[in-house]
Every structure is written in structure tokens, then in C-alpha cells.
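Below you'll find the structure, written out as C-alpha cells, and then a few comments.
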Amino acid sequence: MSDSSFGKGCHLHLIDGSAFIFRAYHALPPLTRKSDGLPIGAVSGFCNMLHRYVEGNTGPDAPTHVAVIFDKGSHTFRNDMYDQYKANRDAMPEDLRPQIPLTRRATEAFNIACKEKEGYEADDIIATLAVQARAAGGRCTIISSDKDLMQLVGDGVEMLDAMKNKRIDREGVFEKFGVYPDRVVDVQALAGDSVDNVPGAPGIGIKTAALLINEYGDLEALLERAEEIKQPKRRQTLIDHAEQIRLSRRLVLLDENTPLDFTLDDLEVRDPLPDQLMPFLAEMEFRTLTKRIADHLDVEMPEIDDTPASAPDAPEIEDVPFDKEGYEMVGDSAALQSRIDRIYELGYVAVDTETTSLDEMRADLVGISLCVEPGSACYIPLTHKAHRGDDLFGSDDLAEGQMALEEALSMLKPVLEDPSILKIGQNMKYDAKIFAQAGIDVAPIDDTMLMSYAMHAGLHGHGMDALAERYLGHTPIPIKPLLGSGKSAITFDKVPLEDAVPYAAEDAEITLRLWQQFKPSLHRAQVTRVYETMERPLVPVLAAMERTGIEVDRDTLSRMSNAFSQKMAGLEDEIYGVAGRKFNVGSPKQLGEILFDEMALEGGKKGKTGAYATGADVLEDLATEHELPRLILDWRQLSKLKSTYTDALQDHINPDTGRVHTSYSIAGASTGRLASTDPNLQNIPIRTEEGRRIREAFVAGEGKTLVALDYSQIELRILAHIADIPALKQAFADGQDIHAMTASEMFDVPMDEMTPDVRRRAKAINFGVIYGISGFGLARNLRIPRSEAQGFIDRYFERFPGIRTYMDDTKAFAKENGYVETLFGRRIHTPNITDKGPRAGFAQRAAINAPIQGTAADVIRRAMIRMPAAIRDLPAKMLLQVHDELLFEVEQGAEDDLITAARDVMENAADPVVKLDVKLTVDAGQGANWAVAH
DNA sequence: GACATCACG
DNA sequence: GACGTACGTGATGTCC
């Protein structure tokens, strides 16, 4: 190596460190260090890549200088220019975070210069060094495939895609951008970048951008002469967004003058020093790699001690039997402190809370259980009462031997909030909400229920008992005998400590064991991304929404209840008169007997239980024959509205907050949809005028407005994309009425002669397709002969052949693999797909529907996860989700800002993972109550 | 606790 | 040729 300074004949290699890390992380399963469980997969991959890189550096083209460049800090000067810069990036996976510093150490261990600078991106440092190298007359190779670096290429600067081993020169850049490197930033400024959240010009992509730049020379010339553009839409876009485009250019333009405290000469290539490298590899416990590098360097393989530090002679995890004797009660701060110390040694802990209620908003914390290793779980009782609930003199005295609640929480708060300690739970949303009541913001978290959901949706439920049984072969201690049931049931704070400790501690241990089993399986099941990006991050978002709740006006509901009561009473009198006697109108059994036995109406069909069917469709048909069915239908509607809504909702108004707090189950629906319970706020009436008025009781708080945003026809749009139906895609692109278009296509009716009835039929068919259409089902829905319905379907398939292909392919895929997948990789298992006979149809239709419904569910999940950051600076809160709709509450005056921000997130929620052929559009409404806002 | 019914997307 | 069917949910009331 020469001692002369960097100049002609020198060759600088700049490695994009972050790219290496992410590639290593995603390429490898989540390995952990054997002695202590530290996640180490990305470091392992990183070292492998560095080693391969060093090995490959021979021959005439070898570098004389080299550095690995890292990002540092999340805030850069670009965030000062534009606060949304990179704002929609997913958070770094929790098991990657602790590995980042280790990759720096790895680089140094390989004796390679390692550089970073606070407030600057790695790309800026790379730009600065590349320009310096060029100015000094040397060459530079940037090892990265990041397109943001392509602006640097030329005059001795090239890029190397290490993955594909492909060099990128000026021509390569032209291939990618349609312009040479000096105009790349102009093209990027126009096209924007959804990954970095660079806005660019709406509707202009790289192709159009390159076209414009090549025509006008450069960006400024283009913007100055924008008036000359022939296409009106494009012209207007450029005029309207000129400032946004200029901002975008500043965002993508790399800073070639980053102040650096080193020079190129400091980057001279150095041979690895075995004394530095081998101890590091040994510390990481990389057996294979250490051996390989030791051989390569011709040194002795160092000792690797990977015996688990915790328990040197501990048997394998699976061998520890469940043993409630090992469960301890923690009753003082010294005992708790030693548990906390252990948590810090390992970096994770399974947590479970015991409370007085399943309703998190009304529940009081009773105790906390912790577990860091099988066999030694503990329970910290906090507010257990001294006497059983059935004690004649049950008092409020606390049981003895418990820690003070405040003391325990103040000791645990730093642990629960520590970003370096992973908190593992089963249905963590529940525990997080309980802790939130105490002002503790639990993070980061893992959730075994959600891991199971990501891996096993469609196979079985994901409750703790089911998972323990199935995956641990263990039956948990049942809660029933402890709490009793019915009227004599007691709350957990009344359970004696000797019973509470084993029950509670076992839950934490089960959770930990499930986690140990599930964590590495996620990767094998290829659902890590689903779990990390669409399940886990949703937990805090939903917890916040549920805790916020929505204001519901009790008086409005109460008045409606009274009105319904009166109407029902009147109807009952009429019904008894027509029927000839009194009976329970709410009893389908009695009604069936009246209609079909006593009154002997036609069309009585008995179901499998022997009772007559009296559903709405049956009564609807009978209504032409007799007046009774209509009266019953009217009564039933009122009865439903009263009992399920106007009465029940009042009971759900939380006395403390005056609001209604639903709970969303994340792992309930197999397709990825959420489900709302206690109360269900996803089925508030809207289809009938009378029911719709119930939404008037859902109101905005004082000085606020409710804003509703809903995806327009999201499932049909997704169908158009997945089944690749050009006519459907075109219709959406043109903003056409999709049902009218289908009708026109199918029934040869021109669009301007469309009748509501023809459109209605087409609409039914469109929905039928999403549900896995059958002639029988469509016939029943449209009340037409089955043969006619079948004719429609045949015609539909003829006009849109892609649909049939999609259905056949999906069924075949499900049979082959036992699951189907959404566009985002969510898997829905289809264990019944092999059914024979009459049941076969069910599983097939479900398999056809699941990718469509599931993809729509994924989209809105992604939007919800990004929403808090997007509306962070607005006085607005997200309140509810109803499958394709999000409801917000916003301070008056900020409605439009909220709509703009939220719509943007929703419409772009598929990016960047999926590029939909059909754009998603979102309709917005606002008002003082939900009836108006929707 | 099963079943029928009906509210929503 | 017959099977019996639209997909996904949750809450309520009746009846056993």
C-alpha cells in the first residue's frame, strides 16, 4: 500500500451500510445468540457479506481505499425542510434495533473504516466522498443499489449492485431514469418517491418526468415554461405544484459538502487484524463463520463459549415441565428488584395483568405476573382483598404481604417503557390499555396471539387456552373454579393469594413458552412481514382508539327507545288482532305455528331443527298473501333497533368518560378484518331511514366535528387488480359508475339508457363475484329463476374471462397449499378445501373471497398504522374503523386539513409493498353527528 | 348453550 | 345427477 495521498490511480469503495444491514436482516431467519438470546441474525448476515466482500477484493480493480457509511439519527436536515420526509416508513423491527450498534463494531473488527454523521444521511456522506475522490483524480465505486445515489454516477464514479454483481454506469442510470446522472434529481423531483415520502408532482411518474426533462432541458426551464405544455392536465399539475416539486428536488439532491472530520487518506485499505476480528466473532458466537475466517486468515480458531449464561446446566427449553411449585409470589421491592435485574440481563419479559373486569375501561389492576424463563414465573399481587367475595363480612381490607401498588408500578414503569426491553404478552392490547390507565406506555411489545394469527389464521382460534393445548400440550389452570359463575361470581381481587399466584404466574409462563416457539416459526411460515407490519404495530393504534371512544348522546337514544316502545305496542295489538290470539311475537317458533299451522299459509318450510323458517326473506314473500307478515317484519325491525341499539348502547356509555368504548379483536376474523365487540360499533344501522337515525346519537364533542372517510368500492377495485380485468380497471380509471358499466356490458344497454333495475342486477352480480358466485345464490338474492341467474353468470364470465380464471386458480392454489394469500402476503388457511359433497362449495367460496376481503382489510390496517404520524400535528383523533371506513373527531376549523392528510394516507396505503393497477379513492363527509358525516 | 334472526361491510 | 349454497362478522331473544 502506498503512503502517498489519495489521487490518480486510487480507487475508493463506499459501502452503503444500511443497505447491507437490511439485506442481511431480511435474508436470514431471526437467529439469536445461544448464550443469552440476543438477536443476532442481521449481524451474522452482515459479517458474512463483509467477509465475502473482503475475499472478493483481489486483482487489478481492487480498492485502495474503503469505508462503510451508516445513517445516524432519524432526524436530518431534510426533516427541517419537510416534516413528512420518510414519515411513512415502517418502524424498525424491534429485534433489529439492538443489532445496529453491533454492525458498527463488526465493521471496525474487520478493520474497515466506519463513518457516520449526526443529522446527515449516509447518502450525503457518500456523495461528499465520491465528489472528493473524483476531484482528486481517482475512481470511486459505490456499493449500493439505492437509486437515490445514481445522481453521483459518471466521471470515474460508478455503482455496484453487490447482490446482482452488476455495475451501474452512466448508461445504466439512463436505463433506469431515462436521463443521465446530472438530470436524475430533476426526474426524481417530478416523479416523487413513495418510499421516502417525497411528494413530487401528482400523476407524474419516472417515464413522464424523463420525457419532460429531456424536452425542456432541466427542471427550472420546465417549470418556467410550464405554460407551453400541451396536455392540459399535466400543464396544470406542474403549475399548481411548482413549489412542491422544487421542495422535492431539494429533498432528493444529495449534499456534496457534508462537513467531515476525516479525509480520503484516512480510508486506506487495511488488512484485517486477527486479534481484533476473531474475538468479536467469538463473542457473537458465530461458529461457522469464525471457523471459515480463521482458516482464511490462517490463524487458530478461538474458543467459543455459548453455554447459556443464565443457567449453565439448564436442560433444553422443552424439557422443563410446567411446575406450579416454581411459581413465586413477589411481595416486596427487593424481590421485585431481583426480577427486574434478571429482565435487564435477558432483554425481554413475558407480562400478564390480572384485573377486576374484562372491560379494560372499567377494569382495576389487581396484580401483575412476569416470566423470563420457563419454570420461574412470578406473580405480584397488588390489590387483592383480605376476604373472599362470599365472606359474610367481606371488607375492603387488603390481603397481607402485597407490595404497594404505586411502588410496584414506579419500579416497573421504566422496564415497561424501556425501548431495549421487549414485553411479551398474549393479547397485549388488553394489558397495554390497563397499564395506560396507570400512565404507563408499554413498548416495545410482542404478542403471541397475533403471532399465531399471522401463522394460523383459518386453522383454529388464538386464545391462550387453545394455543397452550395445541402447541405446548399443556392444559392451563381453569379460571372458572376460582371465580365461580353466574350471580355468585367474584372478581379476581377476591381470589385468595394461594390460588391467584399459580393461576396468574402460569399465564405469563405459557405466554413466554409460546413466544419461544412462535418467534422463530414466523419466518418459516413466511409471515414475518405480515406480523411486523400489519399486526404488531396495530396494537398501540387500536388501544388509543378504544381508549378515546366516541361520544354517544343518551337522551337521543332514550327518546328513540320510548318511541320504539310505543310503536311496538301498537303493532302488537294489530298483530294479535290479525292472528286471532296473543303470542310471543319475538318467538319464531310460535310465529311459525301461527302462520303455517293455524293460518295455513303456503310455503312453510321446516329447518333442520323442525321449526318453520320465518326469516325476513320468507316473510317478505308471504307479505303479498297476507297482512300479518308485514306487521311482523315492521315489529322485528323496531325490536332489533331497540334491544340491540337504543337500549343496549346506553348501557355501554362509560360513566367516567361519558363515551362508548368498543373493543376491536385483531385476531378474530380469519380474513384479516377487525371485529368490534362490547359494543359492536361496526354494525350500527344505516340501510333503512329509521335505523340510520340511530347514528344521530353518535356525536362530536363540544367544538368538534366528526369526519368520516371511506374507501369507494375497495373490494371491486382489488378484484379488478387481482383478477386482472382490463374493462373493470379502465372503468375505475375513468371514474365510471362501476355497476352501471357492468350492466351496460352485460345487458347491452348503453350507459345513458341505464335503468335503476338493470343497474341493481349488475350490482348484485358484482357482489356475487366477490363472494364466489353461484346461480342459486344470485337467484335467491335477485328473486329470479335459477336458470336466469345462471345465464347472467355465464354472460359475466364471457365478458370478463379473467374472473373465472381467478376463481379456478384460487381454488387450485388452496387445494395445493392449504391456504390462500392476500396481496400483502397474509395467509388464510383453508383446511376444508378438500371437503367432498355439499360442503365443498362453502370452502371454495370462502377461498375465493378471502384474498379480496383480506387484501382490503390489509389496506385499511396499513392506513390505520400510518395514521397517527400523519395526523400528529392536527387536533384530531381516530375513533372508529368499519371495514372500509375510518371515523375521526377533529376540532372545528381543522376538518379540511384532516381530510387532506387522512385521505392521502388511505389512498396510498398499499404503497410501497403493492403497486395496485387501480387507484384507491376515498370519499369524505363531515358533520356534528355520524348520520351527517357518513 | 344452540339456534334463529338481523344489524353492518 | 344430487347435494344445498352467496363472503365476513356480533348481539339479541327464545327455548331447552
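First the proteins, then the strands, lettered A, B, ... as listed; each starts at 1. Keep in mind it's a predicted model, so treat the numbers as computed, not measured.
- For the pair A/Leu649 CG and C/dG10 P, the computed distance is 17 Å after rounding to whole Å.
- Between A/Arg362 and A/Asp359, at least one side-chain N (NZ, or NE/NH1/NH2) sits under 4.0 Å from a carboxylate O, which counts as a salt bridge.
- Heavy-atom distances to DNA chain C give each of A/Phe776 and A/Gln853 a nearest nucleotide, and the one nearer the 5′ end belongs to A/Phe776.
- Using a 4.0 Å heavy-atom cutoff across all strands shown, A/Ala648 reaches sugar-phosphate atoms only and no base atom.
- Residue A/Asn683 places its side chain closer to B/dC8 than to any other of C/dG4, B/dG9, B/dC8.
- Going from atom CD of A/Gln844 over to atom P of C/dG8 covers 13 Å, rounded to whole Å.
- A/Arg845 forms a cation-pi arrangement with A/Phe842, by the criterion of a distance under 6.0 Å to the ring centre and an angle within 45° of the ring axis.
- Computed from coordinates, the A/Leu638 CG to B/dT5 P distance equals 18 Å when rounded to whole Å.
- Atom CG in A/Asp884 sits about 10 Å away from atom C1' in B/dC8, given to the nearest Å.
- The base of C/dT12 does not come close enough to the side chain of A/Arg636 for any donor and acceptor atom to sit less than 3.5 Å apart.
- Under the 4.0 Å criterion applied to side-chain N and carboxylate O atoms, A/Glu690 and A/Lys567 are assigned as salt-bridge partners.
- A salt bridge is absent between A/Lys811 and A/Glu816: the closest approach of a Lys/Arg side-chain nitrogen to an acidic carboxylate oxygen does not fall below 4.0 angstrom.
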When you compare the protein's N or O atoms with those of nucleotides 14-16 of chain C, which come within less than 3.5 Å of each other, and at what distance?
| residue | atom | partner | partner atom | Å |
| --- | --- | --- | --- | --- |
| C/dT14 | OP1 | A/Asn584 | ND2 | 3.2 |
| C/dT14 | O3' | A/Ser587 | OG | 3.2 |
| C/dC15 | OP1 | A/Ser587 | OG | 2.4 |
| C/dC15 | OP1 | A/Gln590 | NE2 | 3.1 |

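- Taking the six-membered ring for Trp and the full ring otherwise, A/Tyr819 and A/Phe813 have centroids separated by under 6.0 Å.
- The side chain of A/Thr609 lies closest to B/dC3, out of C/dA6, B/dA7, B/dC3.
- Using a 4.0 Å heavy-atom criterion, one finds that A/Ile770 contacts no nucleic acid atom at all.
- Heavy atoms of A/Leu641 sit nowhere under 4.0 angstrom from any nucleic acid atom.
- Checking the phosphate oxygens (OP1, OP2) of C/dT5, no side-chain nitrogen or oxygen of A/Arg780 falls inside 4.0 Å.
- Taking side-chain N and O atoms only, A/Ser676 has no distance below 4.0 Å to OP1 or OP2 of B/dC8.
- Residue A/Ile666 contributes atom CD1, which lies 14 Å from atom P of C/dG10 at whole-angstrom precision.
- If you measure from atom CG of A/Leu619 to atom C1' of B/dC6, you get 12 Å, rounded to the nearest angstrom.
- Rounded to a whole angstrom, the distance from the P atom of B/dC3 to that of C/dT5 is 14 Å.
- Inspection of the A/Glu546 and A/Thr662 side chains reveals no N or O donor paired with an N or O acceptor under 3.5 Å.
- Side-chain nitrogen and oxygen atoms of A/Ser670 include at least one within less than 4.0 Å of the OP1 or OP2 phosphate oxygen of C/dT9.
- As a whole-Å value, the separation of A/Ile860 CD1 from B/dG9 C1' is 10 Å.
- Among C/dA11, C/dG4, B/dA7, the nucleotide with an atom closest to any side-chain atom of A/Gln637 is B/dA7.
- Counting non-hydrogen atoms under 4.0 angstrom, A/Gly772 reaches nothing in the nucleic acid.
- When the nucleotides C/dT5, C/dT12, B/dG9 are ranked by their closest atom to the side chain of A/Phe842, C/dT5 comes out on top.
- Consecutive Watson-Crick or G-U pairing (both distances under 3.5 Å) extending over three or more pairs maps onto DNA chain C as B:1-9 with C:7-15.
- For the pair A/Arg759 and A/Asp737, the salt-bridge criterion is met [side-chain N within less than 4.0 Å of a carboxylate O].
- The CD1 atom of A/Ile684 sits 11 Å away from the P atom of C/dT12 (whole-angstrom rounding).
- Nucleic acid contact for A/Ala611: none, since no nucleic acid atom lies under 4.0 Å from a heavy atom of the residue.
- Side-chain contact check for A/Glu696 and A/Trp930: no donor-acceptor pair (N or O, by modelled atom type) lies under 3.5 Å.
- Of the candidate nucleotides C/dT9, C/dG13, B/dG9, C/dG13 has the atom lying nearest to any side-chain atom of A/Ser643.
- Note on A/Arg630 versus A/Glu627: no salt bridge recorded, every NZ/NE/NH1/NH2 to OD/OE distance being 4.0 Å or above.
- Rounded to whole Å, the separation between the P atoms of C/dA6 and B/dA4 comes to 13 Å.
- Residue A/Ala764 is classed as a base contact, given a heavy-atom separation below 4.0 Å to a base.
- Heavy atoms of A/Arg692 sit nowhere under 4.0 angstrom from any nucleic acid atom.
- Distance from the side chain of A/Ala616 is smallest for B/dC6 among the nucleotides B/dC6, B/dG9, C/dG8.
- For A/Gln713, the side chain to side chain contact (heavy atoms under 4.5 Å, CB included) partners at least two apart in sequence or on another chain are A/Leu716, A/Arg717, A/Phe732, A/Ile738, A/His739.
- The side chain of A/Asn680 sits closest to C/dG10 out of C/dG8, B/dC8, C/dG10.
- Taking every side-chain heavy atom of A/Arg845 into account, C/dT5 is the closest of C/dT9, C/dT5, B/dG9.
- Side-chain N/O atoms of A/Arg673 and base N/O atoms of B/dG9 include a donor-acceptor pair closer than 3.5 Å.
- Counting heavy atoms of neighbouring residues, nucleotides and ligands inside a 6.0 Å radius, atom CZ of A/Arg659 exceeds 12 of them.
- In this structure, A/Ser357 and A/Tyr430 approach most closely via the heavy-atom pair O-OH, 2.5 Å.
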